[in-house]
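Order of the sequence lines sets the chain letters (A, B, ...), proteins ahead of strands, with each chain counted from 1.
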Amino acid sequence: MSLEQDLLAQRHARVREIEALGFKPYGQRFDFTQTLDQIVATHLSATGEELEAARAVSPTGVSVKACGRIQTVRRMGKAGFVTVQQGNSRIQLYIRKDAVAENDYALYQILDAGDIIGCDGYVFRTRTGELSIHVERLYFLSKILLTLPEKFHGLEDIEIRYRQRYLDLIVNPDVRQVFLKRAKIIGSLRRQLEAHDFIEVETPMMQPLYGGAAARPFVTHHNTLDIDLYMRIAPELYLKRLTVGGLDRVYEINRNFRNEGVSFKHNPEFTMLEFYQAYSNYQGMIELTRELLREAALAANGATVCEYQGHQLDFGNIQTMTMQEAVREFAPAGTDWNVAGHELVHKFEQYCEPNLIQPTIICDHPVEISPLAMRKPEDPRFTERFEMFIAGMEVANAFTELNDPQEQRRRFEMQLEAREKGDDEAHRLDEDYLRALSYGMPPAGGEGIGVDRLTMLLTDNRSIRDVILFPLLRPESDIGMAAKLRALE
RNA sequence: GGGCGCGUAGCUCAAUUGGCAGAGCAACUGACUCUUAAUCAGUAGGUUGAAGGUUCGAUUCCUUCCGCGCUCACCA
């Protein structure tokens with residue numbers, strides 16, 4: 001028998017012991033009166049004397065019913081300390097033989113780190129001043145069968161951290177904070193857009209034709225209809241159909257799927273915010289972007305400035321320059337910046353992109369790479385488009401939407417030519433989209449913001465996998481948990 | 001897909017030129033009624049990612065495979 005199975009068998013035997021003591025190892029509702037966060041916040045500054053005095057005045061004044069997962073157990077003869085964690089807080093429980101029922105003490109003696117327990121007790125401070133709960137009654141809520149990683153070093157194996165994120169979250173408190181911040185960022189984006197009268201909509205993830213970006217799609221199949229469907233690479237064309245329908249301000253925060261390489265800034269499924277505002281244009285999007293990012297930074301960090309991989313990023317002061325200006329500034333002296341088309345894009349990617357550390361809006365992209373954006377009236381080689389770069393990453397992409405169906409048809413045909421020349425990521429021609437435009441789409445500005453990348457920047461994580469709860473990995477070979485559990489029966 | 005690197009006990013890590021696979025934590029037994037990385041005494045725990053090869057002998061060298069990381073390409 002392997003060690004792992006030996007441990008599992010030990011723990012399983014403990015389940016029977018817990019039952020023999022009259023506790024249920026699983027499945028009990030527990031109506032705690034305070035969370036550990038509340039207990040810690042309430043008594044943060046109370047001294048031991050104050051807590052003792054409060055208890056003398058009213059025994060219920062400092063009494064609590066609380067619960068959490070055991071982090072460490074320190075047993076000493078006829079008493080001991082058990083540190084439990086719940087939410088963002090941990091607190092130690094003090095259990096002594098003469099203060100609890102016999103069964104409760106017997107239970108305490110067989111607790112393992114990782115068990116989930118509850119207690120009744122009162123709040124006090126130990127001799128060393130640590131806020132603690134003096135336990136008067138114990139409850140058993142859930143049994144751990146496996147063993148937690150080491151308490152001091154935590155879990156560092158990056159593969160296990162991604163594969164078993166639940167374990168990562170249990171033992172690495174910083175990871176929890178990253179995902180709390182992520183939720184705050186998304187909440188802030190929603191609040192800002194709602195405040196501007198945008199409504200949240202959901203458009204198809206499975207599409208008969210994919211579009212709105214240049215990328216290879218995932219293909220799936222619907223059995224009953226017997227058709228292939230594509231996982232969307234962007235929601236853009238559906239959201240713009242909604243502006244045709246009179247939903248003037250729409251947004252969607254959801255997953256896009258792109259069948260491309262995986263890297264520190266690419267995950268096959270990623271979260272995109274897209275929004276469209278009728279009667280606006282790309283200048284309007286620049287103004288809105290400044291506001292959204294400023295507020296997101298404040299929501300995440302309480303400041304518009306944050307540190308990212310050693311750089312101070314200022315989300316409250318976003319500069320703007322055209323793509324040509326960027327090449328003029330960053331390319332080696334003598335480089336011809338007064339170019340257009342793919343040549344300009346190439347020079348931009350080569351010389352500028354990695355150097356755009358501070359949040360920077362780059363505008364006026366060549367028409368060749370912008371099939372859905374309106375041309376600039378004063379120079380039709382370029383479009384009313386911008387992308388925002390931060391720390392060398394593209395974080396946002398926006399433009400004045402092309403709403404002329406004739407021009408859109410010609411752009412699609414340009415894309416078809418590119419496809420025939422071997423560009424298998426060129427846009428498809430979407431007849432229904434052209435039909436929608438032919439009913440008249442209001443002038444509009446639209447934008448997409450990469451939520452994962454924004455979260456990376458605001459949480460100082462260099463890998464997109466550290467801001468996605470379950471990043472895509474190759475499936476594990478045999479884990480055999482079912483067989484191991486069956487062996488315990 | 002290419003290049004480079006990594007994979008040792010449940011976890012974090014050692015192992016000298018190729019020479020008996022080790023430690024701490026976790027686990028188990030015992031002591032201890034204010035500890036906090038509790039302490040102290042003892043016990044047990046290994047297909048060194050997998051398969052093959054070279055060798056008297058392989059964690060160590062070679063080949064293939066698996067997984068992960070970094071990087072390049074791709075990702076307008």
Trainee: Can you find a donor-acceptor N/O pair under 3.5 angstrom joining the side chain of A:Q92 to the base of B:rU35?
Mentor: yes
Trainee: Between A:R16 and A:E19, is there a side-chain N and carboxylate O pair less than 4.0 Å apart?
Mentor: yes
Trainee: If you look at every strand shown and take non-hydrogen atoms under 4.0 Å, does A:L473 touch a base, only sugar-phosphate, or nothing?
Mentor: sugar-phosphate
Trainee: Using the C1' atom in both, what is the distance from B:rG49 to B:rC74, to the nearest Å?
Mentor: 30 Å
Trainee: When you measure from the side chain of A:R74, which nucleotide among B:rA76, B:rC68, B:rU35 comes out closest?
Mentor: B:rU35
Trainee: Just checking, any donor-acceptor pair under 3.5 angstrom between side chains of A:R385 and A:Y282?
Mentor: no
Trainee: What integer distance in Å separates A:L148:CG from B:rG10:P?
Mentor: 15 Å
Trainee: Checking the side chain of A:Q324 only, and the main-chain atoms of A:V339 only, is there a donor and an acceptor separated by less than 3.5 Å?
Mentor: yes
Trainee: Counting only side-chain heavy atoms from C-beta out, which of B:rA76, B:rC68, B:rU33 sits nearest to A:A214?
Mentor: B:rA76
Trainee: Mind checking who B:rG52 pairs with, Watson-Crick or G-U wobble, both distances under 3.5 Å?
Mentor: B:rC62
Trainee: Mark yes or no: A:R462 above the aromatic ring of A:F264, with NZ or CZ under 6.0 Å from the six-membered ring centre and no more than 45 degrees from the axis.
Mentor: yes
Trainee: Pick the P atom in B:rU35 and in B:rU17, then give their distance to the nearest Å.
Mentor: 46 Å
Trainee: Pick base, sugar-phosphate or nothing for A:I160, based on heavy-atom distances below 4.0 Å to the nucleic acid.
Mentor: sugar-phosphate
Trainee: Counting side-chain heavy atoms from CB outward, which of B:rU12, B:rC34, B:rA76 is closest to A:R258?
Mentor: B:rA76
Trainee: So A:F23 and A:F140, ring-ring contact (aromatic ring centres under 6.0 Å, His included) or not? Walk me through it.
Mentor: CA-CA 6 Å; A:F23 296 92; A:F140 195 84; 7.3 Å; no
Trainee: Across the strands shown, which category fits A:E156 at heavy-atom distances under 4.0 angstrom: base, sugar-phosphate, nothing?
Mentor: sugar-phosphate
Trainee: Are a donor atom and an acceptor atom from the side chains of A:D98 and A:Y105 found within less than 3.5 Å of each other?
Mentor: no
Trainee: Phosphate oxygens OP1/OP2 of B:rC28: is one of them under 4.0 Å from a side-chain N or O of A:R14?
Mentor: yes
Trainee: Could you measure between the two P atoms, the one in B:rA50 and the one in B:rU60, and give it in whole Å?
Mentor: 11 Å
Trainee: Does B:rG69 have its OP1 or OP2 closer than 4.0 Å to a side-chain nitrogen or oxygen of A:R465?
Mentor: yes
Trainee: Taking a pair as Watson-Crick or G-U wobble with both distances under 3.5 Å, which nucleotide is matched to B:rA9?
Mentor: none
Trainee: Among B:rA76, B:rU12, B:rA27, find the nucleotide with the atom closest to the side chain of A:D112.
Mentor: B:rA27
Trainee: What's the closest nucleotide to the A:T72 side chain, out of B:rA38, B:rU33, B:rC11?
Mentor: B:rA38
Trainee: Looking only at the side chain of A:R127 (C-beta and beyond, no hydrogens), which of the listed nucleotides B:rC11, B:rU33, B:rC34 gets closest?
Mentor: B:rC34
Trainee: Looking at A:Y238, does the NZ or CZ of A:R241 lie under 6.0 angstrom from its six-membered ring centre and within 45 degrees of the ring axis?
Mentor: yes
Trainee: Using a 4.0 Å heavy-atom cut-off across all strands, classify A:E368 as base, sugar-phosphate, or nothing.
Mentor: nothing
Trainee: Taking a pair as Watson-Crick or G-U wobble with both distances under 3.5 Å, which nucleotide is matched to B:rU43?
Mentor: B:rA27
Trainee: Give one of base, sugar-phosphate or nothing for A:G154, where a contact means two heavy atoms less than 4.0 Å apart.
Mentor: sugar-phosphate
Trainee: Nearest to the A:E150 side chain among B:rG24, B:rA76, B:rC68, which nucleotide is it?
Mentor: B:rG24
Trainee: Scan A:Q10 against the nucleic acid and name what it touches under 4.0 Å (heavy atoms): base, sugar-phosphate only, or nothing.
Mentor: sugar-phosphate
Trainee: Please work out whether the ring planes of A:F124 and A:Y94 are parallel, tilted or perpendicular, with thresholds of 30° and 60°.
Mentor: tilted
Trainee: From CG of A:L111 over to P of B:rA26, roughly how many Å is that when rounded to an integer?
Mentor: 15 Å
Trainee: Given B:rU71, is OP1 or OP2 found less than 4.0 Å from the side-chain N or O atoms of A:R462?
Mentor: yes
Trainee: Give me the distance, rounded to whole Å, that separates B:rA9 from B:rG45 when you measure between the C1' atoms they each carry.
Mentor: 7 Å
Trainee: Classify A:R11 by what it touches in the nucleic acid, base, sugar-phosphate, or nothing, heavy-atom distance under 4.0 Å.
Mentor: sugar-phosphate
Trainee: Please pick, from B:rA76, B:rA26, B:rC34, the nucleotide with the shortest atom-to-atom distance to any side-chain atom of A:T126.
Mentor: B:rC34
Trainee: Which listed nucleotide (B:rA76, B:rC68, B:rU33) is nearest to the side chain of A:R163?
Mentor: B:rC68
Trainee: Checking all strands, does A:D423 fall into the base, sugar-phosphate, or nothing category for heavy-atom contacts under 4.0 angstrom?
Mentor: nothing
Trainee: For nucleotides B:rA76 and B:rU16, find the distance between their P atoms and express it as a whole number of Å.
Mentor: 48 Å
Trainee: Report yes if a side-chain nitrogen or oxygen of A:K151 is closer than 4.0 Å to either non-bridging phosphate oxygen (OP1 or OP2) of B:rC11; otherwise report no.
Mentor: no
Trainee: Give me the distance, rounded to whole Å, that separates B:rG52 from B:rC66 when you measure between the C1' atoms they each carry.
Mentor: 15 Å
Trainee: When you measure from the side chain of A:R96, which nucleotide among B:rG67, B:rU33, B:rU71 comes out closest?
Mentor: B:rU33
Trainee: Establish, with yes or no, whether the OP1 or OP2 oxygen of B:rU39 is under 4.0 angstrom from a side-chain nitrogen or oxygen of A:R75.
Mentor: no
Trainee: Heavy atoms, side chains only, cut-off 4.5 Å: are A:Q207 and A:L237 in contact?
Mentor: no
Trainee: How far, in whole Å, is B:rC13 from B:rG46 if one measures between their C1' atoms?
Mentor: 15 Å
Trainee: Does any nucleotide pair with B:rC4 by Watson-Crick or G-U wobble geometry, both distances under 3.5 Å, and what is it?
Mentor: B:rG69
Trainee: Roughly how many Å apart are B:rG57 and B:rC20, using the P atom of each and rounding to a whole number?
Mentor: 15 Å
Trainee: Roughly how many Å is it from NE2 in A:H153 to P in B:rC13, rounded to a whole number?
Mentor: 7 Å
Trainee: Pairing check on B:rC34: which nucleotide meets the Watson-Crick or G-U wobble criteria with it, both distances under 3.5 Å?
Mentor: none
Trainee: To the nearest Å, give me how far apart CE (A:M323) and P (B:rA76) are.
Mentor: 12 Å
